[in-house]
Student: 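My questions all concern the structure below.
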There are 2 protein chains.
Amino acid sequence: MKSSDKHEKIIRAAVKVFAKKGFFSARISDIAKAAKVADGTIYLYFNNKFDILISVFDEEIGKFIAQTKKLVDQEETPQKKIEIFALKHLSMAKENKSLAEIIQMELRQSHKLIKEYRKTIFSEYVDIISNIIRQGQEKGIFREDVKPGIAKRAFFGALDEMTRLWVLSPKPPYDIEDTAKQISNMFLIGINSK
Amino acid sequence: MKSSDKHEKIIRAAVKVFAKKGFFSARISDIAKAAKVADGTIYLYFNNKFDILISVFDEEIGKFIAQTKKLVDQEETPQKKIEIFALKHLSMAKENKSLAEIIQMELRQSHKLIKEYRKTIFSEYVDIISNIIRQGQEKGIFREDVKPGIAKRAFFGALDEMTRLWVLSPKPPYDIEDTAKQISNMFLIGINSK
DNA sequence: GGCCGCTAAATGAATAATCATTCATCTGGT
DNA sequence: ACCAGATGAATGATTATTCATTTAGCGGCC
């Protein structure tokens, strides 16, 4: 078996196990069992338990951010960009519930390492929003007195909170597209210049 | 020494220790030392480590929610209620940073017990918002097509995300009152009926 | 007032359980 | 026959929890 296969298998298993039990309560042997691999094998691919978590973030979240950027770039108007961002964010939570759960739960830990990591990755993501807002302001579409640094967090926070609701509930209580529309609308009206 | 003193002392110590090290990394002996009490004493007042965390939530967050409700009730218009809610939320994060940190980090754990607890306590809190929105809709101040269930989360999420920023940074990068104004404005415009 | 005896509260060393990590051994492919 | 990769039992460290022992406060008694 090619080594990359095992790496992948372990990451996938870890996503499930972390989502189910949380990072601290998850045992290496749980992940090993889920990946159908011996406990020790995990240490051939990862330095330690933490390293697994960080790898999950890096690889899975990295992919997601790249996809989002691409989608946003394809849209013409700032309004459309905001809408597609909201839709992509919420769809991801629905389609990849385990990962969403991990981001919701584990990326919030107060552990120093995670704290640092989170700052970087969150910034990269929410800065997509502030860039859109600045573009919109330059075009005179969004109000000048809106501070992109605050607005980006308000918008992200709103989406993130909806995600939390889904992660906690067995079934999405609202329709994804409706919700994305509703939230981006509210936000767009809130920062509109006319 | 009255027994209630010790209970209080342990809770206070736990808030600090949990905020600093996180629940899982915090040792009972850390809390005992911070409370100037023997390790075993803690078990005279709490059943186990988890019980300490839950007590922190119950007692401290309970107080906070009660205060918020009272403040909101004192305001006349739905707009003012929204504004005061935002201000109270952000002020609390500034004045009681350790507790805010614990709410941000530990109340998001994926542990079953915490998950359940969180549902209840968050609902109680965000329902303050949806009630305001419904009142506003009845008076014709807020748009009818806004769903209170979504809007309440969008608004709470926005505030929560600003809190996260402060918890992560050594100093609040924005002025509390400005931020509260900016966010409630954006939200109020976004749901306004005219 | 000082002295007992009693009980609740407090102590912290010892226990016991849990797991991350290691490493001596094995295996399948070439 | 070789060896990179895989194995999983054993190790060792960590800590939540327990409990035998100590301490402190208090009421009654001389």
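What's counted below: heavy atoms across the whole structure, side chains too, no hydrogens, waters or symmetry copies. Note that the structure is predicted; figures quoted are calculated from it, not measured. Quick note on labels: first sequence line is chain A, next is B, and so on, each numbered from 1.
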Student: Would you kindly give the CZ-to-P distance between B:Phe46 and D:dT17, to the nearest whole Å?
Tutor: 13 Å
Student: Looking at B:Trp166 and B:Lys97, what are the two nearest heavy atoms and their distance?
Tutor: O-CE, 3.6 Å
Student: Using whole Å, report how far NZ of B:Lys36 lies from P of C:dG12.
Tutor: 14 Å
Student: Looking at C:dT21, D:dT7, C:dA20, which one has an atom nearest to any side-chain atom of A:Leu44?
Tutor: D:dT7
Student: Has B:Ser130 got a side-chain atom pairing as donor or acceptor with B:Asp127's backbone, closer than 3.5 angstrom?
Tutor: yes
Student: Let me know the distance between CZ of B:Phe50 and P of D:dT17, rounded to the nearest Å.
Tutor: 10 Å
Student: When you get a sec, tell me which of D:dG8, C:dT11, D:dT17 is the closest nucleotide to the side chain of A:Ala38?
Tutor: D:dG8
Student: If the helix axis at each end comes from five base pairs, how far does the helix from C:dG1-D:dC30 to C:dT30-D:dA1 deviate from straight, to 10°?
Tutor: 10°
Student: As a test of understanding, state which of B:Phe57, B:Tyr117, B:Phe156 forms a ring pair (Phe, Tyr, Trp, His ring centres under 6.0 Å) with B:Phe122.
Tutor: B:Phe156
Student: Ignoring backbone atoms, test whether B:Lys6 places a side-chain nitrogen or oxygen under 4.0 Å from the OP1 or OP2 oxygen of C:dA9.
Tutor: no
Student: Just how far, in rounded Å, is P of D:dT14 from CG of B:Asp30?
Tutor: 13 Å
Student: With sequence neighbours left out, which residue pairs that include part of residues 76-89 of chain A fulfil the side chain to side chain donor-acceptor pair (under 3.5 Å) condition?
Tutor: A:Gln67-A:Lys88, A:His89-A:Tyr125, A:His89-A:Thr163
Student: Any Lys/Arg nitrogen of B:Lys33 or B:Asp39 sitting under 4.0 Å from an Asp/Glu carboxylate oxygen of the other?
Tutor: no
Student: Give the rounded distance in Å between these two atoms: CZ of A:Arg27 and P of C:dT21.
Tutor: 15 Å
Student: Starting at the 5' end of nucleotides 22-30 of chain C, put B wherever the base has a protein heavy atom under 4.0 Å, S where only the sugar-phosphate does, and a dash everywhere else.
Tutor: B--------
Student: Between the main-chain N or O of B:Phe24 and the side-chain N or O of B:Glu106, is there a donor-acceptor pair closer than 3.5 Å?
Tutor: no
Student: Could you tell me how far apart A:Lys9 (NZ) and D:dA6 (C1') are, to the nearest whole angstrom?
Tutor: 12 Å
Student: Output the single nucleotide from C:dA10, C:dA20, D:dG5 whose closest atom is nearest the side chain of A:Tyr45.
Tutor: D:dG5
Student: Does NZ in A:Lys16 sit with more than 12 non-hydrogen atoms of other residues, nucleotides or ligands closer than 6.0 Å?
Tutor: no
Student: Taking NZ, NE, NH1 and NH2 as the nitrogens, is one of them in A:Arg12 or A:Glu8 under 4.0 Å from a carboxylate oxygen of the other?
Tutor: yes
Student: Between the side chains of B:Glu124 and B:Lys119, is the shortest nitrogen-to-carboxylate-oxygen separation below 4.0 Å, so that they form an ion pair?
Tutor: no
Student: What's the CD1-P distance between A:Ile31 and C:dC19, to the nearest Å?
Tutor: 13 Å
Student: Separation of A:His7 atom NE2 from D:dA6 atom C1', in whole Å?
Tutor: 17 Å
Student: With respect to the side chain of B:Ile28, which nucleotide from C:dC19, D:dT15, D:dT17 is positioned closest?
Tutor: D:dT17
